[in-house]
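Fair warning: this is a prediction, and the values are worked out from it, not measured in the lab.
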Amino acid sequence: MEQQMETGAQERTVELAWLINWFREQNPMLASLTDQEMEAADFFAAEYIDSFGVIMLIEAAEQEFGISFDEDDFQNRAFARVIGLAGLIRDKQAA
């Protein structure tokens, strides 16, 4: 079930919109970034969150979307980007 919401000229998945909002709630300094900047950024390298924040993110996403991440997910390069993480969540929901 892939739900999408219209945002400007581009469609955003519910997962992507949730992640962007989650990051902004955790780090108010991100409010100045556009959604596109947030989607593409490596949130580890950009220091959107610290190591404790990663644990909080994983727990919140698992609870919100009814999924469970495994070790392979954390090794996946897509995990470090907001848009990649949204894709991983969608894939887990579809499985």
- Note on the structure: Separation between CD (Gln63) and CD1 (Ile58), nearest 0.5 Å, reads 14.0 Å
- Note on the structure: Interatomic distance, CD@Glu15 vs CD1@Ile67, rounded to 0.5 Å, equals 9.0 Å
- Item | Asp70 vs Lys92 side-chain heavy atoms within contact, under 4.5 Å | yes
- Query: Will you find, in the side chains of Gln75 and Glu71, an N or O donor that is under 3.5 Å from an N or O acceptor?
  - Reply: yes
- Task: Identify whether Leu88 and Met56 are in the same connected component of the hydrophobic contact network (ILVMFWY, side-chain heavy atoms under 4.5 Å).
- Result: yes
- Nearest-0.5 Å distance that lies between atom CE in Met38 and atom CZ in Arg81: 13.5 Å
- Item | Asn27 (side chain) donor-acceptor with Phe23 (main chain) under 3.5 angstrom | no
- Message: Looking at every non-hydrogen atom in both residues, tell me the closest pair between Leu19 and Ile89 and how far apart they are.
- Response: CD1-CD1, 4.1 Å
- Message: Regarding Asp35 and Arg24, does a basic nitrogen lie under 4.0 Å from an acidic carboxylate oxygen?
- Response: yes
- Message: Working to the nearest 0.5 angstrom, can you tell me the gap between Phe52 CZ and Gln26 CD?
- Response: 9.5 Å
- Query: Taking all non-hydrogen atoms of both residues, which atom of Leu16 and which atom of Thr13 are closest, and how far apart?
  - Reply: N-OG1, 3.0 Å
- Task: Before giving the answer on side chain to side chain contact (heavy atoms under 4.5 Å, CB included), spell out for Phe44 and Phe79 the whole-Å C-alpha distance, their side-chain angles and the decisive distance to 0.1 Å.
- Result: CA-CA 10 Å; Phe44 293 115; Phe79 189 87; 4.1 Å; yes
- Shortest non-hydrogen contact from Trp22 toward Ala60: NE1-CB, 3.6 Å
- Check the surroundings of atom CD in Glu62: do more than 12 heavy atoms from other residues, nucleotides or ligands lie under 6.0 Å from it? yes
- Message: Distance check, rounded to the nearest 0.5 Å: Glu64 atom CD versus Leu57 atom CG?
- Response: 11.5 Å
- Note on the structure: In this structure, CZ of Phe74 is separated from CZ of Phe69 (nearest 0.5 Å) by 7.0 Å
- Which pair of heavy atoms, one from Ala41 and one from Tyr48, lies closest together, and at what distance? CB-OH, 3.0 Å
